[in-house]
2 protein chains.
Amino acid sequence: MAVKRGHSNCIDTVKPLRDALDVINGKWKLPIIVSIGVGNDRFSDIRDSIPGITPKVLAKELKDLEEHKLIKRTVVGGYPVQILYTSEAYADSLTPVVYALKEWGLNHRSKIFSAE
Amino acid sequence: MAVKRGHSNCIDTVKPLRDALDVINGKWKLPIIVSIGVGNDRFSDIRDSIPGITPKVLAKELKDLEEHKLIKRTVVGGYPVQILYTSEAYADSLTPVVYALKEWGLNHRSKIFSAE
DNA sequence: AACAATGGTTTCTTAAAGGAAACTAGTATA
DNA sequence: TATACTAGTTTCCTTTAAGAAACCATTGTT
């Protein structure tokens, strides 16, 4: 009888990975965090800084991010009423994630272009 | 007239971010890469190492990852026929991404538990 | 009165992701 | 002949993501 090999345990990495993905998964969340991080604080500026995003999607993602305490929504009176979105300090903790993904994306794109 | 503020440009970060997300986005891809990376090379071992994944989803994700040259599928004859999944060297380039997400996930979980 | 600007919402539609359960082909062993 | 094993596939269904287009309230300006 063949030796029964159990599967290697990777649960200690997979679990936190899943915890992170549950929060920042999706096409738009990190781009929005970056946009706000570089200083876009109004709805229309964020919208215009991210190619392809629609107001519906942006509104929904902003709510999600606010719930996760990554951004803050502030109402400023006046004309027209302004809403300011700003990064919470907690969002800074995502910097290593953003940086790693950005570097990988740059490398991936150059790899694809040289191969095809 | 109020000064018209243009939105800050974050396209240089958002674009590569999107390139990366297009490849590794989703609930399962990074967990699968990690599982294969630690040595699980058979379908059932990978399946058993990732809680909650179904064979249908695993089969589909493995195909995606193979297309992106992140893993390799090798058929080994014999009884029963074995298929071996192994990491391509390219998958190693995801290590910083995985590490950053894992650390963030660990921190996020402890933050949630201490706050609620 | 009409229009513009901001920060969204509403409706409708399609596509993709995810999941449960059952099933399959080929082969070896009892 | 019946059963087990590996590596999936098949069917059916629900949920979530995404997108296009139009619309809305408030208020100041012309």
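Order of the sequence lines sets the chain letters (A, B, ...), proteins ahead of strands, with each chain counted from 1.
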Please enumerate all residues that pass side-chain contact (heavy atoms from CB on, under 4.5 Å) together with S110(A), with sequence neighbours excluded. N107(A)

Test: side-chain hydrogen bond (donor to acceptor under 3.5 Å, both in side chains). Region: residues 80-94 of chain A. Which pairs qualify, not counting sequence neighbours? R73(A)-Y85(A), Y90(A)-H108(B), S93(A)-W104(B)

In whole Å, what is the span from the CG atom of L58(B) to the P atom of dA20(C)? 14 Å

For residues 8-28 of chain A, run the donor-acceptor check on the side chains, cut-off 3.5 Å, and write out each pair with its distance to 0.1 Å, sequence neighbours left out.
unit_1, atom_1, unit_2, atom_2, d
N9(A), OD1, I11(A), N, 3.3
D19(A), OD1, R109(B), NH2, 3.0
D19(A), OD2, R109(B), NE, 2.6
D19(A), OD2, R109(B), NH2, 3.3
N25(A), OD1, G26(B), N, 3.3

List the steps and the verdict of side-chain contact (heavy atoms from CB on, under 4.5 Å) for I32(A) and L62(A). CA-CA 8 Å; I32(A) 292 168; L62(A) 287 171; 3.9 Å; yes

Interatomic distance where NZ belongs to K63(B) and P belongs to dG18(C) [whole Å]: 16 Å

Figure out the CG/P separation between D41(B) and dG8(D), and round it to whole Å. 12 Å

Spatial distance of atom OG1 (T74(A)) from atom CG (D41(A)) [nearest 0.5 Å]: 9.5 Å

What is the distance from atom CD1 of I33(B) to atom CG of L65(B), rounded to the nearest 0.5 Å? 5.0 Å

Selection residues 53-69 of chain A - residue pairs positive for side-chain hydrogen bond (donor to acceptor under 3.5 Å, both in side chains), sequence neighbours left out: K29(A)-E61(A)

Nearest-Å distance, CG (D22(A)) to P (dA17(C))? 16 Å

How would nucleotides 15-21 of chain D be written as a contact map, 5' to 3', with B for base contact, S for sugar-phosphate-only contact and - for no contact, using protein heavy atoms under 4.0 Å? --SBBB-

Rounding to a whole Å, what distance do you find between I32(A):CD1 and dG8(C):C1'? 14 Å

Would you indicate which nucleotide in dA7(D), dG8(D), dT9(C) comes nearest to any side-chain atom of S44(B)? dA7(D)

Select one nucleotide: of dT9(D), dG8(C), dA7(D), the one nearest the side-chain heavy atoms of F43(A). dG8(C)

Is there side-chain contact between I46(A) and H7(B), with heavy atoms separated by less than 4.5 Å? no

Taking side chain to side chain donor-acceptor pair (under 3.5 Å) as the test, write out the residues that go with S49(B), two or more places apart. S35(B)

Would you mind reading off the distance between Q82(B) atom CD and dG26(C) atom P, rounded to a whole angstrom? 19 Å

Please state how far atom CZ in R42(A) lies from atom P in dG8(C), giving the value in whole angstrom units. 12 Å

Please produce a list of atom pairs where a protein N or O lies less than 3.5 Å from an N or O of nucleotides 26-28 of chain D.
none

L84(B) CG - dG8(D) C1' separation (whole Å): 15 Å

dG8(C) phosphate, OP1 or OP2, under 4.0 Å from Y85(A) side-chain N/O: yes

